[in-house]
Amino acid sequence: MDQFIEAIASLAARAGIDKDQARAAVAAPKERDRADLSLPCFRWAKALGKAPNQIAEDVAAAFEPDGLLASVEAVGPFVNVKLDRGAFTKFALDAIDENYGKSEEGVGATVVIDYGSPNIAKPLLFHHLRSAVIGQALCNVHRWAGYKVVGINFLGDLGTAFGKLMVGIEKWGEPTTVAEYNRIYVNASNFCKENEGAMDAARAWAKRLEEGDETALRHWTNARKLSLAEFDTVYEWLGIKHDVVDGEKQYLDAGHAVVVELLNEGTAKESDGGIVIELSKKLKAFLIRKNDGASLYQTRDLAAARDRMERYDFAKMLYVVDIAQEFYFNQLFAALAKMGHAWADRCKHVKFGQVLVDGSRAKTREGGGTTLESVLQEGVRRARAIIEEKNPEIEGKEAIAKSVGTAAVIYCDLGFPTTKNIDFKWDEILRFDGRTGPYLQYVHASACGILRKGGGVTKFDASLLAGEHEWNLVRRLAEFPDSVQRACRDCEPSHVSNFLYDLAREFRSYHTAGSRDASLRVIVDDDALKAARLGLVDGVRQTLKIGLTLLGIDPLERM
Ligand code: ARG
């Protein structure tokens with residue numbers, strides 16, 4: 001696309017417009033039948049001392065056929081451009097290979113992404129899907145855009161809950177599964193509620209853990225190890241792979257040190273027996289030490305943020321966390337700024353909405369809640385039933401069912417803007433004909449099928465792809481790199497998932513047109529035309545494959 005924009009910018013320059021400004025102003029108009037690209041001329045009226053309509057005419061008058069632009073026309077204050085379709089198609093398809101959409105945009109910059117980050121000794125529940133899947137997609141798109149990415153799983157492995165847990169472990173024994181930990185924790189909390197002595201013991205245990213007591217540490221180490229092992233099974237299933245596993249506990253000492261430092265330099269002060277950083281009227285005071293001397297989630301986050309800056313010198317740090325923590329992160333970033341860290345503005349909270357099942361929140365009820373693993377299992381079970389009905393003869397049914405069920409769950413998370421709530425309905429997310437993961441997989445598999453049937457790709461003449469429906473598809477394909485860049489810029493994987501859905505639909509209508517009109521089929525008698533159309537189908541296949549992989553969805557070749 002760049003060379004076409006460049007050609008328009010050159011015309012604009014001949015009419016006296018600043019070339020860089022012109023390049024940036026070229027855009028695709030909404031109504032595509034009028035123009036492929038368009039240049040609005042309002043903004044130069046003052047600089048050039050001319051009416052925008054006149055400027056548009058001057059730009060159009062500078063046009064001479066150049067093999068890239070087919071026509072340039074002034075329409076009011078706009079310069080409407082039609083591209084040379086043959087040239088564009090050739091460039092667009094030549095650009096597609098297994099690295100399509102990759103860019104150098106982020107080269108030299110590091111992005112830290114804090115995602116997943118569950119609390120240990122509790123099972124992963126359904127809502128934990130979101131941070132994990134959104135975070136992984138953000139890692140993937142940033143890597144594709146050339147950034148160095150450090151994905152961190154920041155475990156919640158410290159807090160008052162551990163005191164109670166240890167009371168339970170001492171009473172009922174060491175658990176061997178995360179579910180057991182959870183049960184023991186729930187029983188112990190109830191026990192502590194009714195029993196003041198037990199509550200004191202829980203406080204003492206929490207303190208012993210902070211002080212490094214051997215028994216407390218042993219219980220903690222077991223809980224952490226076992227939890228991670230169970231988390232990893234689910235993460236692996238979802239294609240989630242962190243680069244680093246950190247946890248709150250490792251920032252205990254650094255957190256205490258931060259408090260002392262801030263007190264000494266006067267950034268923090270005492271308030272009601274605790275220590276706070278006063279932020280603003282809106283953001284209020286940020287508590288960093290409780291009145292019993294204990295540190296907090298926020299204290300550890302301050303220390304961790306600093307440590308990450310030191311370790312990675314990040315250009316961007318993303319916290320992929322529930323929208324419920326929005327106020328907290330606003331406070332955290334303001335506190336970092338108040339501590340004098342100019343890099344505080346490189347931190348961003350990537351917030352996501354809740355998971356609603358039949359309209360109500362699938363949330364952590366103590367001791368209950370739907371586990372993420374059980375949701376994935378159910379997805380696979382349902383996918384298996386669909387495949388059994390639609391294509392019982394297919395080879396590798398079990399693997400396909402697993403892919404399809406998982407794709408359904410992942411896409412229902414990534415298919416819409418992250419801040420929206422997920423309205424989870426099994427029947428919707430497993431449809432093979434809507435905005436779903438299985439639909440995209442199906443379209444990808446059907447492109448693979450056409451290529452198998454047509455004998456694969458050979459050298460072809462792109463200028464033969466002259467039909468209107470082909471042009472639409474080619475234009476769409478050319479937008480993929482931009483969708484990846486926008487996903488990085490806005491921290492919004494749905495830019496890619498929306499693109500894929502639009503591409504898939506466009507391709508379906510291209511493909512089905514052939515069943516109404518034989519001359520529009522991909523596999524036609526004319527060998528040259530057939531080769532060109534197969535080339536186009538392969539471009540679609542390749543683009544879908546890359547896009548799906550970026551989202552963490554398995555691009556099946558048959559289903
Ligand atoms: N463990 C926290 C929770 O479950 C999320 C941690 C997010 N990351 C962070 N650095 N605060 O709510």
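Remember, it's 1-based here, ligands and their atoms both numbered in the order they're listed. All values derive from a computational prediction rather than experimental measurement.
By the 3.5 Å distance cut-off applied to N or O atoms, D114 is counted among the residues near ligand 1. Looking at D301 next to ligand 1, an N or O pair under 3.5 Å apart turns up.
Judged by distance alone, the side chains of K148 and H142 never bring a donor and an acceptor atom under 3.5 Å apart. S103 and W144 share no donor-acceptor pair across their side chains, judged by distance under 3.5 Å alone. Q542 and Y100 share no donor-acceptor pair across their side chains, judged by distance under 3.5 Å alone. A side-chain donor-acceptor contact under 3.5 Å links H219 and E170. N190 and E194 form no side-chain donor-acceptor contact under 3.5 Å, judged by distance and modelled atom types alone. Judged by distance alone, the side chains of R306 and H341 do bring a donor and an acceptor atom under 3.5 Å apart.
If you check which protein heavy atom lies closest to atom 12 (O) of ligand 1, you get Q325 NE2, 2.9 Å. The nearest protein atom to atom 6 (C) of ligand 1, hydrogens excluded, is given as Y297 OH, 3.3 Å; this is a heavy-atom distance. Among protein heavy atoms, the minimum distance from atom 2 (C) of ligand 1 is reached at S117 O, 3.6 Å.
Proximity to F154 (heavy-atom distance under 4.0 Å) selects the following atoms of ligand 1: 8 (N), 9 (C), 10 (N). In the vicinity of N119, heavy-atom distances shorter than 4.0 Å reach the ligand 1 atoms 1 (N), 2 (C), 3 (C), 4 (O). Near V321, with a cut-off below 4.0 Å to any heavy atom, the atoms of ligand 1 are 7 (C). Interface of F329 with ligand 1, defined as ligand atoms under 4.0 Å from a residue heavy atom, comprises 11 (N).
Electrostatic pairing of R203 and D200 counts as a salt bridge here, judged by a charged N lying under 4.0 Å from a carboxylate O.
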